[in-house]
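Here the structure comes first, spelled out in structure tokens, and everything after it is commentary.
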Amino acid sequence: MNVSQVAPLSELLGSAAVVSIGLRTRFRGLLEREALLFKGPEGWAEWSPFTEYSDEEAAVWLRAAIEFAYQPTPALQRNQIGINATLPAVGPDQVEKVLGRFGRFATVKIKVVEHGEDLSADLARINRVVELFPDAKIRLDANGGYTVLEALNLSKTLLENKVPLEYLEQPVASIGELAQLRVELKRNGLEVQIAADESIRKATDPMAVVHASAADILVLKAAPLGGIRQALEIAAEAALPAVVSSALETSVGLSMGAHLAAALPELTFDCGLGTASLLIGDVSSSPLKVIDGQLEVRRVEVDQSRLDTFRAEDHRADWWLERLERCYKLL
Ligand SMILES: [Mg+2]
């Protein structure tokens with residue numbers, strides 16, 4: 001895709017709208033989520049790299065958004081995607097309220113080690129989920145926060161407690177540690193699957209995880225991987241099962257993830273695209289909502305009235321538009 005021919009900067013700036021939407025619960029340390037939306041011939045796209053990301057990283061997200069707005073999506077294999085509920089690192093007393101917003105679900109992804117707490121806080125949260133939803137599959141997302149030893153000890157405890165653990169997502173930070181953890185788990189006879197997230201989307205080579213035998217499952221996010229096509233290529237080359245996830249996006253960003261999930265040849269895991277309920281509102285009057293654990297695969301129309309409601313303050317909008325111009329030049 002030749003970006004300057006396909007999507008001139010003036011066109012992106014012409015339809016660009018910057019929103020700031022509050023979060024119901026602190027997530028990734030954030031209370032507000034900012035996003036820039038623009039429209040191309042295929043529909044709306046969202047560009048929302050987290051504000052601390054470098055221009056180089058944000059430019060990869062921009063390529064993905066431009067592809068989604070300007071190029072037809074690859075052929076879809078399904079029109080509904082199974083979705084997991086997501087539990088931020090809340091105290092056990094808040095679990096029922098937060099998960100109650102998701103309606104029915106078969107899988108819960110629980111955030112762990114978010115505040116650098118000890119393992120007991122994580123275990124209390126996990127145990128509360130199992131108590132309330134004994135049939136749900138549990139996946140834990142540590143964002144690389146454990147040491148190999150901590151992840152190993154946690155795995156032992158979870159298996160002893162018969163927690164229905166689906167997988168550990170990025171339990172440790174580096175690819176080397178992931179590989180080491182997999183070896184240690186096997187050596188200890190612990191059957192725990194490892195999913196790689198940051199080690200794929202933040203790595204210079206997304207295939208390094210695969211070459212190091214560091215994961216059983218890939219977490220694919222369309223935006224940080226540079227778009228749906230690129231993510232599909234990685235999945236094909238890795239020949240590992242994939243889970244599609246989002247990065248706390250509005251319905252527009254989620255629809256790009258839903259299209260990626262729908263385009264994968266095989267999809268056996270629930271996907272992490274149900275995060276719209278963590279935001280206090282959305283940019284569409286028909287947002288992508290999870291119903292009975294399923295998400296519809298479709299594009300999302302944006303409403304002007306919603307853009308007005310959530311319009312970012314002028315100095316934030318200016319910041320995003322300047323960022324857009326800088327990142328565009330990097331493409
Ligand atoms: Mg993750």
Side-chain angles (χ1 to χ4, degrees), residues 23 25-30 33 48-50 52-53 57 60-61 64 81-90 98-99 102 105 107-117 122 125-126 129 137-147 150-151 154-155 158 165-175 177-178 181-182 192-203 206 208-210 214-226 231 234-235 238 240-249 253-254 256-258 260-261 264 267 269-279:
L23 299 179
T25 313
R26 185 181 287 272
F27 198 87
R28 263 182 114 266
L30 290 176
R33 183 71 169 115
S48 54
F50 291 97
E52 74 273 17
Y53 285 7
E57 196 168 357
V60 178
W61 290 53
I81 308 296
I83 300 296
N84 65 269
T86 302
L87 182 67
V90 296
V98 176
L99 287 181
F102 284 88
F105 51 80
T107 312
V108 185
K109 166 161 135 170
I110 305 176
K111 286 277 182 184
V112 288
V113 289
E114 190 167 276
H115 313 300
E117 314 128 313
D122 291 337
R125 187 178 319 113
I126 296 161
V129 174
K137 286 170 277 184
I138 306 279
R139 55 178 77 153
L140 305 181
D141 188 1
N143 296 104
Y146 289 128
T147 63
E150 283 170 341
L154 178 68
S155 301
L158 295 174
L165 184 65
E166 188 179 44
Y167 60 74
L168 299 181
E169 180 172 325
Q170 198 74 42
V172 291
S174 71
I175 292 174
E177 288 170 303
L178 284 175
L181 176 61
R182 284 187 79 227
V192 172
Q193 304 249 92
I194 302 295
D197 180 8
E198 284 86 346
S199 284
I200 297 168
R201 71 186 150 88
K202 295 239 176 213
V209 162
V210 180
D216 305 284
I217 298 154
L218 307 179
V219 178
L220 300 179
K221 294 180 178 166
L225 291 173
I234 291 166
L240 287 176
V243 176
V244 177
S245 199
S246 60
L248 198 53
E249 289 146 315
L254 293 175
M256 179 163 72
L260 167 58
L264 283 166
L267 186 66
F269 290 100
D270 283 345
C271 288
L273 300 168
T275 48
S277 58
L278 298 175
L279 302 174

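Note that ligands are numbered from 1 as they come in the structure, with each ligand's atoms numbered from 1 the same way. If you read the sequence from its start, that first residue is 1, and numbering goes on from there.
- Relative to the six-membered ring of Tyr53, Lys202 meets both conditions, a distance below 6.0 Å and an angle of at most 45° to the axis.
- A donor-acceptor pair shorter than 3.5 Å cannot be found between the side chains of Glu249 and Thr275.
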Applying salt bridge (charged side-chain N to carboxylate O under 4.0 Å, His left out) to Asp270 and Lys109, what does each step give before you reach the verdict? CA-CA 10 Å; Asp270 283 345; Lys109 166 161 135 170; over 6 Å; no
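- No donor-acceptor pair under 3.5 Å is formed between the side chain of Glu166 and the backbone N or O of Lys137.
- Applying side chain to side chain contact (heavy atoms under 4.5 Å, CB included) to Leu158 and the options Val192, Leu140, Asp122 leaves one that passes, Leu140.
- Around the Mg ion (ligand 1), the protein N, O or S atoms closer than 2.8 Å are Asp141 OD2, Glu169 OE2, Asp197 OD2, listed by chain and residue number.
- When side chains are defined from C-beta on, Ile200 does not count as touching Lys221, because their heavy atoms never get closer than 4.5 Å.
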